[in-house]
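Shown next, in structure tokens, is the structure this report addresses.
If you're wondering where the values come from, they're calculated on a predicted model, not measured in any experiment.
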Amino acid sequence: MEEELKCPVCGSLFREPIILPCSHNVCLPCARTIAVQTPDGEQHLPPPLLLSRGAAAAAPPPDQDSAAGATSGGAGASTAGGLGGGATGGGDHADKLSLYSETDSGYGSYTPSLKSPNGVRVLPMVPAPPGSSAAAARGAACSSLCSSSSSITCPQCHRSASLDHRGLRGFQRNRLLEGIVQRYQQGRGVVAGAAAAPAVAICQLCDRTPPEPAATLCEQCDVLYCATCQLKCHPSRGPFAKHRLVQPPPPPTPPEATPAATGTSTASSAGGCRSPGGAGASAPRKFPTCPEHEMENYSMYCVSCRSPVCYMCLEEGRHSKHEVKPLGATWKQHKAQLSQALNGVSDKAKEAKEFLVQLKNILQQIQENGLDYEACLVAQCDALVDALTRQKAKLLTKVTKEREHKLKMVWDQINHCTLKLRQSTGLMEYCLEVIKEDDPSGFLQISDALIKRVQTSQEQWVKGALEPKVSAEFDLTLDSEPLLQAIHQLDFVQMKLPPVPLLQLEKCCTRNNSVTLAWRTPPFTHSPADGYILELDDGDGGQFREVYVGKETLCTIDGLHFNSTYNARVKAFNSSGVGPYSKTVVLQTSDVAWFTFDPNSGHRDIILSNDNQTATCSSYDDRVVLGTAAFSKGVHYWELHVDRYDNHPDPAFGVARASVVKDMMLGKDDKAWAMYVDNNRSWFMHCNSHTNRTEGGVCKGATVGVLLDLNKHTLTFFINGQQQGPTAFSHVDGVFMPALSLNRNVQVTLHTGLEVPTNLGRPKLPGN
């Protein structure tokens with residue numbers, strides 16, 4: 001979490017942090033060093049001229065305590081005109097400052113001459129004139145701020161913001177962050193009691209009494225050293241060469257006597273803030289007040305400005321026409337959003353920890369496997385005596401390079417993942433500390449930015465980020481069989497079987513009586529597959545049979561049984577042989593059949609409409625059309641509704657083989673089993689044999705039902721829910737397709753996907 005509590009400018013823990021308009025934080029003293037003042041002579045120049053002058057001018061250093069970067073001693077003009085040049089001629093240009101920012105125009109907002117520990121550019125500090133106090137310098141800075149246009153550039157996102165007449169004091173203080181920093185310092189023992197606070201930081205390794213004052217602080221070791229101990233215990237070479245030594249932090253300022261006795265903390269004359277961890281920390285918390293109306297507490301939250309406001313701001317201030325919400329309700333809402341976003345990051349952090357364990361196991365496996373391969377390789381090369389000596393060195397080099405490559409890849413991934421995990425963990429700890437705060441206004445000052453940061457942190461763990469980039473396996477096998485003459489061409493060859501294919505269950509599916517299966521090869525496979533073999537059982541738990549052999553990784557099998565459970569598996573093969581089977585996937589076909597008339601199988605005179613569910617004919621002769629489904633097992637029922645019936649035609653309904661004759665009535669050949677019916681009676685017909693004449697015909701609006709029971713091998717017909725005659729055909733066996741024959745006087749509509757009805761009427765007795 002410490003990284004979240006460090007200023008991006010000075011690299012130290014935040015001191016008097018303020019919130020910039022971009023939601024980033026910066027120390028108030030550091031903000032004074034990066035605030036830029038536009039010279040008075042350039043404030044009214046047109047932006048293009050201001051841009052050209054600012055690009056060529058040299059920037060004088062601003063005063064270290066000046067909120068506006070006031071110049072000293074009549075120094076030259078600042079180069080910040082690109083940001084603030086058009087902003088001081090009046091309020092008309094206040095919204096145009098970003099048009100000449102450092103990021104989008106190439107014009108720098110200030111000319112740096114120093115660098116902070118974190119690489120952020122800052123202006124050099126200029127001491128106050130002799131004889132002037134710090135307070136006087138601040139007063140001069142504020143006076144300069146009021147008389148000229150100033151701006152500040154965020155050191156993290158490089159967005160610029162203009163300063164109003166209040167200068168840097170116009171930015172809100174981040175009280176939550178300040179309190180968290182104070183608690184963090186107390187937890188580390190950096191902040192001692194007021195009475196025991198040392199005058200200066202002392203060396204932590206000195207054996208002298210008393211210890212010498214500290215001269216440096218190592219940020220990596222977090223230890224204070226005097227000059228002697230630093231040379232002896234922490235030389236700037238070897239493992240310590242990359243450690244960063246900085247000046248020791250100033251000791252905490254002891255609270256004044258009077259405020260400590262009364263249990264309150266008073267701001268210094270220089271504008272310091274109250275210390276949440278000082279002598280008055282045990283006193284009741286004072287609620288923050290509005291900076292514009294100092295006697296009023298925050299009571300509402302302005303949604304437009306995203307800041308807490310008092311009721312005076314709503315009545316007479318600039319928030320009077322803005323959308324506002326209750327402070328407490330908004331506080332709870334934003335806390336809930338932050339907590340919810342943290343849950344996702346927490347899950348990713350947990351996965352990252354498990355992933356690190358996996359990577360470390362891979363490291364060990366790579367080491368072990370590499371040693372095993374080296375030993376095997378040496379044994380084989382020694383068996384070939386002198387002829388293999390020169391080649392042995394080359395092969396050993398290949399194994400070593402492969403191992404080093406894998407180790408480097410895994411170490412790089414470990415370092416990358418560790419860095420991301422540390423950042424996420426620090427952000428989580430910081431957010432949890434923020435959630436613990438009970439200051440609604442302070443929380444709402446930073447909640448939006450924190451929520452976005454947490455969501456961004458969660459999005460960094462993209463899919464595939466927690467998968468190893470290399471495999472621990474060494475796919476290197478030495479073939480020692482070749483003849484002695486081929487020793488100089490000896491190299492690693494593929495002798496391993498292909499790995500087990502991985503079924504992609506999310507892509508496996510069933511539709512009607514078809515199943516689709518998809519699979520892929522495992523990652524980091526060095527034994528490629530030349531093809532795949534897909535096997536499927538018979539739907540009754542019988543033997544597997546090959547249904548596909550090829551290179552594709554997606555296959556659809558049609559013509560299966562309805563309401564059946566199939567088991568499928570796949571294996572890969574290459575020149576070395578056939579690999580092991582994949583896991584078995586279980587697929588269930590549809591309980592009922594959904595189908596339409598097949599436009600490809602019907603006679604050319606057949607006319608289909610209504611998504612191929614309605615059929616008629618353009619000829620006076622009977623023509624045949626088949627359905628798109630085929631049945632060989634189970635019980636199936638469908639109905640045909642008579643939409644039009646003119647001049648007493650004889651439509652025929654039933655089932656047929658795919659090779660049925662299409663240009664005559666259904667049932668006249670040996671490939672169809674049908675019932676043909678007029679307006680008074682019906683007959684069953686197969687091989688042009690007419691049987692079982694039954695009274696009762698069809699008319700417009702009638703419904704003909706067809707029941708094909710392949711479990712009992714029977715075919716039965718119904719008209720308007722009443723069985724028409726006895727069972728039409730027995731011993732029906734094989735593969736059948738729904739069929740219909742009709743002429744231009746009839747139009748019917750097909751209805752499928754029907755359950756077998758249980759309330760069908762008793763059969764009509766056949767006539768003569």
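Listed for the E433 side chain is no donor-acceptor partner under 3.5 Å among the backbone atoms of V181. Q156 places no side-chain N or O within donor-acceptor distance of the main-chain N or O of H24, the cut-off being under 3.5 Å. In this structure a side-chain-to-backbone donor-acceptor pair under 3.5 Å is missing from K406 to A472. Remark: side-chain polar atoms of S346 are not paired, donor with acceptor, to backbone N or O of L342 under 3.5 angstrom. S457 places no side-chain N or O within donor-acceptor distance of the main-chain N or O of R453, the cut-off being under 3.5 Å. Remark: the backbone N or O of I19 is not paired with any side-chain donor or acceptor of Q172 at under 3.5 angstrom.
Separating the CG atom in L450 from the CG atom in L176 is a distance of 9.5 Å, to the nearest 0.5 Å. In this structure, CG on L363 lies 4.5 Å from CD1 on I414, to the nearest 0.5 angstrom. A distance of 10.5 Å separates CD in Q413 from OG1 in T418, rounded to the nearest 0.5 Å. Between Q445 atom CD and F171 atom CZ the span is 13.0 Å, to the nearest 0.5 Å. The distance from atom CG of L13 to atom SG of C7, rounded to the nearest 0.5 Å, is 10.0 Å. Rounding to the nearest 0.5 Å gives a distance of 7.0 Å between NZ of K360 and CH2 of W411.
The shortest side-chain heavy-atom distance between R183 and I180 falls under the 4.5 Å cut-off. At a threshold of 4.5 Å between non-hydrogen side-chain atoms, the residues S447 and V434 do not count as touching. Contact check for P468 versus Q358: side-chain heavy atoms found under the 4.5 Å cut-off. A 4.5 Å side-chain heavy-atom check between C417 and K420 finds every atom pair outside the cut-off. In this structure the side chain of L224 never reaches within 4.5 angstrom of the side chain of C203, judged on heavy atoms. Inter-residue side-chain proximity for F443 and L338 is flagged as met; some heavy-atom pair is nearer than 4.5 Å.
Here the closest heavy-atom approach between residue L205 and residue Y225 is recorded as CD1-CE2, 3.2 Å. Of all non-hydrogen atoms in C30 and V26, the two that sit nearest each other are CB-CG2, 4.1 Å. A pairwise comparison of heavy atoms in L396 and L377 identifies N-CD2, 3.6 Å as the closest pair. When all heavy atoms are compared, the tightest approach of L5 to Y430 is CD2-CD1, 3.9 Å. V410 and I366 get closest at one heavy-atom pair: CG2-CD1, 4.0 Å. Listed here is the closest heavy atom pair of A31 and I18: CB-CD1, 3.9 Å.
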Requested in this report: Assess whether side-chain contact (heavy atoms from CB on, under 4.5 Å) is satisfied between I435 and S339, documenting all intermediate values.
Outcome: CA-CA 8 Å; I435 292 177; S339 300; 3.5 Å; yes
Query raised in the report: I34 and I152: side-chain contact (heavy atoms from CB on, under 4.5 Å), yes or no, with the steps?
Result: CA-CA 6 Å; I34 62 175; I152 185 171; 3.9 Å; yes
Requested in this report: I would like to know whether V345 and L427 meet side-chain contact (heavy atoms from CB on, under 4.5 Å); could you show each step before the answer?
Outcome: CA-CA 9 Å; V345 177; L427 179 60; 5.8 Å; no
Query raised in the report: Between E4 and L177, does a side-chain contact (heavy atoms from CB on, under 4.5 Å) hold up when you go through it step by step?
Result: CA-CA 9 Å; E4 297 287 336; L177 178 57; over 6 Å; no
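A salt bridge links E374 with R403; the closest basic N to acidic carboxylate O contact falls under 4.0 Å. At a threshold of 4.0 Å, the pair D412-K408 counts as salt-bridged, since one of the basic side-chain nitrogens sits closer than that to a carboxylate oxygen. Ion pair K401/E404 not flagged as a salt bridge, since none of the NZ, NE, NH1 or NH2 atoms sits closer than 4.0 Å to an Asp/Glu carboxylate oxygen. For the pair E402 and K398, the salt-bridge criterion is not met [side-chain N within less than 4.0 Å of a carboxylate O].
Put simply, the residue from K353, K348, E351 that forms a side-chain contact (heavy atoms from CB on, under 4.5 Å) with L421 is K353.
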Contacts table for residues 226-240: side-chain donor-acceptor under 3.5 angstrom, sequence neighbours left out:
from, atom 1, to, atom 2, distance (Å)
Q230, NE2, H234, O, 3.0
H234, NE2, H243, ND1, 3.3

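Annotation: Q423, atom CD; neighbour count of heavy atoms from other residues, nucleotides and ligands within 6.0 Å is above 12. Other residues, nucleotides and ligands contribute only 12 or fewer heavy atoms inside 6.0 Å of the CD atom of Q340.
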